[in-house]
**Student:** 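Let me begin by handing over the structure; questions about it come next.
It should be emphasised that the depicted structure is a prediction, and the values quoted were computed from it without experimental measurement.
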Amino acid sequence: MTEAASPALPFKSDFLRTLQERGFIHQVTDAGGLDEKAAKGRVVAYIGFDATAPSLHAGSLVQIMMLRWLQKTGHKPIVLMGGGTTKVGDPSGKDASRQLLTEDDIKANIASIKQAFSPFLTFGDGPTDAIMIDNDAWLSGYGYIQFLREFGPHFTVNRMLTFDSVKMRLEREQPLTFLEFNYMLMQAVDFLELYQRHGCVLQMGGSDQWGNIVNGVEIVRRKSDGEAFGLTTPLLTTSSGAKMGKTAAGAVWLNADMRSPYDYWQFWRNTEDADVGRFLRLFTDLPIPEIERLEKLPGAEINEAKKVLADEATGMLHGREAASQARAAAEAAFEQGRLSADLPTVEVPRATLESGETTIAALAVDAGLASSRGEARRLAEGGGLRLNDEQIKDGMRPVTVADLNADGVLKLAAGKKKIVLVRPF
RNA sequence: GGAGGAAUGUCCCGAGUGGCAAAGGGGGCGGACUGUAAAUCCGCUGCGAAAGCUUCGUAGGUUCGAGUCCUACUUCCUCCA
């Protein structure tokens, strides 16, 4: 078994060299062998995505970008949708089992997740075109006894118990169900199936997938006598330790209907100073010298680099136009104190304002700035609520049509960053 | 099957004597300072305009009053068989 080989530095293949200099590589099963193979010819590689939510979030972006570089350096990406594996649920990195999703939920999630890939990869039938496959295609076809006889002999429980995902549960005395215990076998079988069907020799994933990936590499060797590789990316956290892709407002979803381009742009714009260079390498296509220039910008000028990051990341996902609109809206709001029609907007019945019975706290709830009126009131008392740029400390202050500005809208802000336009209809 | 232990503010951890809207953290949100950054400091963190209402695994019971006592049930952990 090949352990976490520290990557040999001068890679010959464009693929590994690019991943290396951009910070994608955490562990590789056999860096030299993979480099050799990638330098010689076309490699088919895959990454699996489980369908636990209706959209992927920024945390998955590292994986998507890695497939993008794979394709750009002349190889073939396979996007594996986990329609089958999601039915079981991956215990990796979790200290409690997730609630099981219904098959309908999973199907709906897959349909919704799919959209996110097309901006990043070129799909088609060509030799380096990306393809998308659902592992439900083979996993659901196995009978229980058949599956056990076919793959069971290749896994020892002794060894399975040594994997982090399992060990963690046992050490913390958290239950690990037999169902979840089987997950790693299923993922291993995925690799084998893809190897046999598509000549796929490389599985990539996040560092929490190392155990699962290694199992796949081994099963390919044992069942097919084939040569297979695994590669993981570092676990992404911000410099201050927060998990990537999560913010107060929830996950940073990639689907536009779950997180607007404006909010997406803002997410990247608010990157911590210390992360700018790392993120530019991981989440944009910008050439390294350009990134090196940007990350060295002194003091407040680093903000320019953050805008570039936001432009590039948003542009790649939502398109250039959406990105520049988002940028314009944000610059207007934050740098010039002006309003922009591109700010997030909430519509409220005109009658609500005319009745004079609405309070600013209630409005803040309607606008999604607070989850209850009490919370909105506390926000106001703490000085965090603004109506048309004026701080309102009394959450019970009524809001009427008289508060509409010249454009016929209300500008409501919670804190400095969350701004919403309230428009009567 | 037997013995013991555990479930607390619906984000997490975690104290809790019969008078508790319930200590303390973490996280989160807001404010100050800055640069829409980090670090730091301060405030807030069940619902309600209020009276008040609803919270401590579930369902009953004792009590003027129950997170705290009793009974049953559920789930989990540890040990024995």
**Student:** With sequence neighbours excluded, tell me which residues meet side-chain contact (heavy atoms from CB on, under 4.5 Å) with A:P287.
**Tutor:**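 Checked A:P287 against side-chain contact (heavy atoms from CB on, under 4.5 Å); matches are A:P289, A:E290.
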**Student:** Between A:I419 (CD1) and B:C29 (C1'), how many Å, whole number?
**Tutor:**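 Distance, rounded to whole Å: 16 Å.
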**Student:** Under the rule for side-chain contact (heavy atoms from CB on, under 4.5 Å), what residues qualify as partners of A:D164, not counting sequence neighbours?
**Tutor:**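 A:D164: side-chain contact (heavy atoms from CB on, under 4.5 Å) contacts with A:K167.
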**Student:** Give me the distance, rounded to whole Å, that separates B:A66 from B:C70 when you measure between the P atoms they each carry.
**Tutor:**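 It works out to 15 Å between them.
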**Student:** Could you please name the partner base of B:U63, counting Watson-Crick and G-U wobble pairs only when both distances are under 3.5 Å?
**Tutor:**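 The answer is none; no pair meets the criterion.
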**Student:** Examine A:W268 together with A:F283 and report whether their ring centres are nearer than 6.0 Å.
**Tutor:**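 That pair passes the under 6.0 Å test.
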**Student:** Does the structure show a Watson-Crick or G-U wobble partner for B:A21, both distances under 3.5 Å? Name it, or say none.
**Tutor:**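 Answer to the pairing question: none, since B:A21 forms no Watson-Crick or G-U pair.
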**Student:** Using the glycosidic torsion, which applies to B:C20: syn (within 90° of 0) or anti (everything else)?
**Tutor:**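 Nucleotide B:C20 adopts syn.
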**Student:** Could you list, one pair per line, each protein nitrogen or oxygen that sits under 3.5 Å from a nitrogen or oxygen of nucleotides 32-37 of chain B, together with the distance?
**Tutor:**
from	atom 1	to	atom 2	distance (Å)
B:A32	OP2	A:K416	NZ	3.1
B:U34	O4	A:K416	NZ	3.4
B:G35	O6	A:D273	OD2	3.3
B:G35	N1	A:D273	OD1	3.3
B:G35	N1	A:D273	OD2	2.6
B:G35	N2	A:D273	OD1	2.5
B:G35	N2	A:D273	OD2	3.4
B:G35	N2	A:N303	OD1	3.1
B:G35	N2	A:K306	NZ	3.0
B:G35	N3	A:N303	ND2	3.4
B:U36	O2'	A:N270	OD1	2.9
B:U36	O2	A:Q266	OE1	3.0
B:U36	O2	A:N270	OD1	3.1
B:U36	N3	A:Q266	OE1	3.4
B:U36	N3	A:Q266	NE2	3.2
B:A37	OP1	A:K417	NZ	3.1
B:A37	O4'	A:K306	NZ	3.3
B:A37	O2'	A:D273	N	3.3
B:A37	N3	A:D273	OD2	3.1

**Student:** What residues, two or more places apart in sequence or in another chain, satisfy side-chain contact (heavy atoms from CB on, under 4.5 Å) together with A:I78?
**Tutor:**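 Expected list: A:V44, A:Y46, A:I131, A:I133, A:L194, A:H198, A:C200.
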**Student:** For A:K411, check salt bridge (charged side-chain N to carboxylate O under 4.0 Å, His left out) against everything at least two apart and list the hits.
**Tutor:**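 Salt bridge (charged side-chain N to carboxylate O under 4.0 Å, His left out) list for A:K411, sorted by chain: A:D389.
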**Student:** What distance, rounded to whole Å, do you find between the two C1' atoms, one in B:G2 and one in B:G46?
**Tutor:**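 That atom pair is separated by 42 Å.
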**Student:** Does the structure show a Watson-Crick or G-U wobble partner for B:A49, both distances under 3.5 Å? Name it, or say none.
**Tutor:**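 Check on B:A49: unpaired, no WC or wobble geometry under 3.5 Å.
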**Student:** Return a single string for nucleotides 47-56 of chain B, one symbol per nucleotide in 5' to 3' order, where B is base contact, S is sugar-phosphate-only contact and - is none, cutoff 4.0 angstrom on heavy atoms.
**Tutor:** SSSS------
**Student:** Partner of B:G43 by Watson-Crick or G-U wobble geometry, both contacts under 3.5 Å, or none?
**Tutor:**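 Across any shown strand, B:G43 pairs with B:C29.
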**Student:** Would A:E331 and A:R269 pass as an ion pair if we require N to O under 4.0 Å?
**Tutor:**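 Between A:R269 and A:E331 there is no salt bridge, as every charged N stays at least 4.0 Å from the carboxylate O atoms.
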**Student:** Applying side-chain contact (heavy atoms from CB on, under 4.5 Å), can you list everything that pairs with A:K393, at least two apart in sequence or on another chain?
**Tutor:**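 So A:K393 forms a side-chain contact (heavy atoms from CB on, under 4.5 Å) with A:Q391.
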**Student:** When rounded to the nearest Å, what value does the distance between P atoms of B:G5 and B:U71 take?
**Tutor:**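 To the nearest whole Å, 13 Å.
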**Student:** What distance, rounded to whole Å, do you find between the two P atoms, one in B:G27 and one in B:U17?
**Tutor:**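 Approximately 28 Å lies between the P atom of B:G27 and that of B:U17.
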**Student:** Grab the two heavy atoms, one from A:T233 and one from A:H26, that are nearest each other, plus how far apart they are.
**Tutor:**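 Smallest heavy-atom distance, with atoms named: C-CB, 3.4 Å.
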**Student:** Give the rounded distance in Å between these two atoms: CG of A:L176 and P of B:C76.
**Tutor:**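 Rounding to the nearest Å, CG of A:L176 and P of B:C76 are 13 Å apart.
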**Student:** Restricting to pairs with a member in residues 353-370 of chain A, which pass salt bridge (Lys or Arg N to Asp or Glu O under 4.0 Å), not counting sequence neighbours?
**Tutor:**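 For residues 353-370 of chain A: none.
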**Student:** What does B:C79 pair with, Watson-Crick or G-U, if both distances are under 3.5 Å?
**Tutor:**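 Here B:C79 is engaged in a pair, and the nucleotide opposite it is B:G2.
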**Student:** Checking base pairs now: Watson-Crick or wobble, both atom distances under 3.5 Å. What partners B:A7?
**Tutor:**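 B:U74 is the nucleotide pairing with B:A7.
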**Student:** Whole angstrom is fine here: how far is it from CG in A:L385 over to C1' in B:G43?
**Tutor:**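 Nearest whole value for this atom pair: 16 Å.
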**Student:** Given the P atoms of B:C77 and B:A72, what is the spacing between them in whole Å?
**Tutor:**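 To the nearest whole Å, 22 Å.
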**Student:** Taking the C1' atom in each of B:A3 and B:A59, what is the distance between them to the nearest angstrom?
**Tutor:**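 That atom pair is separated by 26 Å.
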**Student:** Taking atom C1' in both B:G60 and B:C13, what distance in whole Å separates the two?
**Tutor:**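 About 31 Å, rounded to a whole number of Å.
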**Student:** With rounding to whole Å, what would you report as the distance between B:A49 and B:G35 at their P atoms?
**Tutor:**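 Pairwise P distance, B:A49 against B:G35, rounds to 39 Å.
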**Student:** A:D134: what forms a salt bridge (charged side-chain N to carboxylate O under 4.0 Å, His left out) with it, not counting sequence neighbours?
**Tutor:**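 Residues passing salt bridge (charged side-chain N to carboxylate O under 4.0 Å, His left out) with A:D134: none at all.
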